[in-house]
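Accompanying notes for the structure given below.
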Amino acid sequence: MKNDRILHESLLLQEKYYEYTHKSGLKVYVFPKKMTNTYALFATKYGSIDNSFRLEGDDKYTEVPQGIAHFLEHKMFTAPDGSDAFDRFALYGADANAYTSYDKTVYLFSCSENFEHCFDELIEFVTHPYFTRETVEKEQGIIAQEIRMTDDLPSLRSYYGMLRGLYSVHHIRNNICGTVESISRITPELLYRSNEVFYSASNMAIVVCGDVDPEKIYAQGCANIGDGFGVCRAIERQRPAEPTEICSRRVQCKMQVAKPLFTIGIKDNNIPVKSADRARRDAIMSMINDLLFSQTSRLYNSLYEEGLISPDMTSSYTISESFAFHSVSGESYCPETVFDRVREYVEDIRRRGFEKEDFERCRKVFYSSFVREFDSTDDIANNLISFVFDGIEMFDYADIIASLTCEEVTETLRSDMKDELFTLSVVYPFDHKED
Amino acid sequence: MQTVNIGKGRLLCVNTDKFKSELLTVTQASPFDRRDMGLCSLLCNVLKRGCREYLTTADINRRLDDLYDANITMGCSTNGDSFLSGVTVETLCRDFIHDGTDVLSGALDAVARLMTEPLVDEKGLFRAEYVEGEKQARLDRVRSANSNPKTRSSLICQDLMFEGERYGQRIFYHEDEIKNVKNSDIADYYKKSLSVSSPLYIYVGPRSQAEVGELINEKLSFFDGDGDSFCDTLIKPCCGEMKTGFDSMAVNQGKLTLGLRSDISIGNDDVYAALVFNDIFGGSPASKLFRNVREKLSLCYSCGSSYDFTKGVIFVRSGIANENYDRALNEILRQLEDIKKGKISEFEFESAKKALVSSYRQVTDSAYATESFFRTRILCGCTDGIEETARKIEQVTLSDVVEAAQRFGAEAVGFVRGELDGEEVDFDEE
């Protein structure tokens, strides 16, 4: 079989993987790893924010209800004969699952034997949708319970509140699962339309990580994918024009909690168009996030020593093609005070700049956590698909970390983390009284 | 699973070059005692606030970051009727450190300083602000647990099931207990903490047993307890009576916990049949609970069971609408009865065994899972290794599963009713 195979190798990590391109345009990545477990995933670049789309040449955009990508993920496991893909994986002792994020849907399995059968099954069910009105209605009941479950999670509510504070119209404001009302509007026709557009070769990729033979995997994939799973016209996603300003300075709600939970968001408007630039932006902003908010930072330690926060305050930076933000989450009896202190601290560091010594220590942490991500087949496959969909070579990330300078990181902090981009989301206990 | 004596303890060295990080743990076991475990938990948190070498949490964290993000965890957990206190150290392997730093050695040095050079005054008392801060953090955690409907439903169930037993008792459940802890209580506990029992060391990584032994002797010899104080767990058959307890909270979804008890625990050869039974019942998406309660009846998003083989108990947990309580509970119990009557398809039986065998073989793919597997078995006196466990599961027959299932019975249900019952929580924006 003729194929164009590209080898990606890292001497630093002592790892390598292979990239294949099927004639349909589908990319297949195989990462050999001497583990008992083999992990495979089949993913589409289709997430909860893709609610308005068309194929190149179409007149109109298709508008779909919130939560349809996640709903589709649930329904893909059902076959025309009424059987469930979970059952077929179970027969081989494999563990199958799926997840939907803002910008992708991933189907996966892990197994320690019968890989070939499982791999056939993964390709089979992801490429053969089957929906009926009856099965859709049944799923609405299950997902309604999932939505109610997530509605009861205070930390998630606080996070969603933060996104509503940052974004005015972007679909990231909405729950990935949608709402009980929005999923009630999902029909088999809308599911087929979404599937037709997004479950096409050029919008998908397969990743396999484990003790496998790359050539055999690719050949098996080719035999299963077939010609029908074809090349598709380009997908055009319509996104509402999001203003650069934040939507609200403060967002709050009341729930069943003992202590207020807060999430501070900081909007990042400078999202590079080129993927390589975005990867660098990710590294710079992630390092800023760590330097400012990690448990080593002066801010964290002063807030903790003063009893203003619980010990488990966490932070992260997220970037994609259409959104980017920092988040800082924790518990505090005085979330407004924490918000003020965070903003004052960031202003102070913007004036003074980062210390070189802190920067170098942070670089060590980044290097170490990147290396550790290569200790499990799950992490490798899930990280690789994120890099692939972002158009970034995974192994380059270590070089980016090595090439960053304290000056560059400080300069980005000064230019892009302005006070007006901060929002505070708080989940208060029901008995909270306004000051 | 061959341990070697080292100092007053034992070392199990699991040699592997699979990982880019290495793991070393120290575990000391004691019979579960609410007060001791509560004090141990507070002590660990106070010790992590600072020592003579690293005066503040920030100093400690900076040191660990310098060691390429070395992870040190000090804390306690339970295993059957025992409580375990210990330390976990995880560091990047030498092959990936290019400036010559021996990060594992450095991290063990930090552990030694934290545990043996605490910030105490001439009376041996810890810094008052650290003690009060950690008491407040513990109070917050208790209040948070009481506000969590899932946790609350589990606690109701466990209270009903384990009255008068060590198992299922919670540390510092009542706020007054925490408020009444004195600095001297923690200081007294500290004096005995390092010698509660003979330490068990487990290492997973590329270093030789001899090298790990030398590191332990050099850095961790302060763990000097004698004897094995791991206690036998009380195992008893199901009482045949089911108690129920209810509460309600201002949440959307009701949370149900059903507790089953049996006399089958680790160390008993029937435990492998019980593992297969649990998997068929509610251990996976191919299980009876998932396929019937969720998929067939659409009663919930999640419904599954977990088996704690250190005690011989199974907990079924599900999130349901209030009005479905009776229907869901009846269906769960009906599925249990079906298994007891032998209504198990070949698919259910074979897929459960395969899933279990696969998950045990995958233990070696994670340093933490490897450590946990061996620690549990060494402490419980079980000598079956990973392959032996997989082989014994493969040998389980359908009648073994039915017999095991017949020894499980429902003893308690905890249900937290959702007072909001589907109402959406609105955000206020300004």
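Chain identifiers are assigned alphabetically (A, B, ...) following the order of the sequence lines, protein sequences preceding nucleic acid strands; residue numbering begins at 1 within each chain.
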Report task. Please lay out, stage by stage, how A:Ile246 and A:Phe422 fare under the test side-chain contact (heavy atoms from CB on, under 4.5 Å). Result -> CA-CA 7 Å; A:Ile246 60 169; A:Phe422 284 59; 6.0 Å; no
Query raised in the report: Does the side-chain hydrogen bond (donor to acceptor under 3.5 Å, both in side chains) test come out yes or no for A:Lys75 and A:Thr78, once each step is laid out?
Result: CA-CA 6 Å; A:Lys75 285 320 303 161; A:Thr78 309; 3.3 Å; yes
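For A:Val257, the part lying under 4.5 angstrom from a heavy atom of chain B is the backbone only. Heavy atoms closer than 4.5 Å to chain A are found in both the backbone and the side chain of B:Ser358. Using a 4.5 Å cut-off between heavy atoms, A:Asn97 makes no contact with chain B at all. At a 4.5 Å heavy-atom cutoff, the contact between A:Cys247 and chain B is made by side-chain atoms alone. In this structure, no portion of B:Glu346 lies under 4.5 Å from any heavy atom of chain A. At a 4.5 Å heavy-atom cutoff, A:Arg363 makes no contact with chain B through either its backbone or its side chain. Of the two parts of B:Lys255, only the side chain, counted from C-beta on, holds a non-hydrogen atom closer than 4.5 Å to a non-hydrogen atom of chain A. If you measure heavy-atom distances from A:Glu306 to chain B, you find no contacts under 4.5 Å at all. Of the two parts of A:Asp375, the backbone and the side chain both hold a non-hydrogen atom closer than 4.5 Å to a non-hydrogen atom of chain B. Only the backbone of B:Leu299 comes within contact range of chain A, with at least one heavy atom under 4.5 Å from a heavy atom of that chain. Only the backbone of B:Ile320 has a heavy atom closer than 4.5 Å to any heavy atom of chain A. Interface residue A:Glu305: backbone and side-chain heavy atoms are both found under 4.5 Å from chain B. With a 4.5 Å cut-off on non-hydrogen atoms, A:Ser376 does not touch chain B at all. Contacts of B:Glu134 with chain A are made by side-chain atoms alone, with heavy-atom separations under 4.5 Å and no backbone atom involved. Of the two parts of A:Ile143, neither the backbone nor the side chain holds a non-hydrogen atom closer than 4.5 Å to a non-hydrogen atom of chain B. Only the backbone of A:Lys34 comes within contact range of chain B, with heavy atoms under 4.5 Å apart. B:Thr364 touches chain A through its side chain: at least one heavy atom from C-beta onward sits under 4.5 Å away, while N, CA, C and O do not.
In the model, A:Ser182 has no side-chain atom that pairs as donor or acceptor with a side-chain atom of A:Gln66 under 3.5 Å. A:Glu146 and A:His74 form a side-chain donor-acceptor contact under 3.5 Å, judged by distance and modelled atom types alone. For the 3.5 Å distance criterion, the side chains of A:Arg361 and A:Thr296 fail to qualify, holding no donor opposite an acceptor. Residues B:Asp99 and B:Thr101 have side chains that bring a donor and an acceptor to within less than 3.5 angstrom of each other.
Taking the six-membered ring where tryptophan is involved, the planes of A:Tyr107 and A:Phe77 are tilted, since the angle between them lies from 30° to 60°. Relative orientation of the A:Tyr92 and A:His117 rings is parallel, given thresholds of 30° and 60° on the angle between their planes. Ring geometry for A:Phe370 against A:Phe374 counts as perpendicular: the plane angle is over 60°, on a 0 to 90° scale with 30° as the lower cut.
Here B:Met249 is the residue among B:Glu350, B:His98, B:Met249 with the most heavy-atom pairs under 4.5 Å with chain A. Between chain A and the residues B:Arg141, B:Glu132, B:Glu90, the most heavy-atom pairs under 4.5 angstrom are made by B:Glu90. Counting heavy-atom pairs under 4.5 Å between each of B:Ala137, B:Ser144, B:Ser298, B:Ala367 and chain A puts B:Ser298 at the top. If you tally non-hydrogen atom pairs under 4.5 Å between each of B:Arg62, B:Arg143, B:Glu295 and chain A, the highest count goes to B:Arg62. The most heavy-atom pairs under 4.5 Å with chain B, out of A:Leu13, A:Asn114, A:Asp84, come from A:Leu13. Between chain A and the residues B:Arg291, B:Gln136, B:Lys353, the most heavy-atom pairs under 4.5 angstrom are made by B:Arg291. Counting heavy-atom pairs under 4.5 Å between each of B:Asp428, B:Asp140, B:Asp365 and chain A puts B:Asp365 at the top. Put simply, of A:Leu153, A:Asp358, A:Asp95, A:Val251, the one with the most heavy-atom pairs under 4.5 Å next to chain B is A:Val251. When A:Gln14, A:Arg298, A:Lys138 are compared by the number of non-hydrogen pairs under 4.5 Å with chain B, A:Lys138 comes out ahead. The candidate from A:Glu360, A:Lys259, A:Gln252 with the greatest count of non-hydrogen atom pairs under 4.5 Å with chain B is A:Gln252.
Once rounded to the nearest 0.5 Å, the distance linking OG1 of A:Thr150 with CG of A:Leu156 reads 6.0 Å. Taking CD of B:Gln253 as the reference point, atom CG of B:Leu420 lies at 12.0 Å (rounded to 0.5 Å).
With a 6.0 Å radius and a threshold of 12 heavy atoms from other residues, nucleotides or ligands, A:Glu357 has its CD atom at or below the threshold. Within 6.0 Å of NZ on B:Lys150 lie no more than 12 heavy atoms contributed by other residues, nucleotides or ligands.
Every residue was checked against the salt bridge (charged side-chain N to carboxylate O under 4.0 Å, His left out) condition with A:Glu113, not counting sequence neighbours, and none meets it.
Contact annotation: the side chain of B:Val357 approaches that of B:Arg361 to within less than 4.5 Å [non-hydrogen atoms, C-beta and beyond].
Aromatic ring centres of A:Phe86 and A:Phe125 lie farther apart than the 6.0 Å criterion allows.
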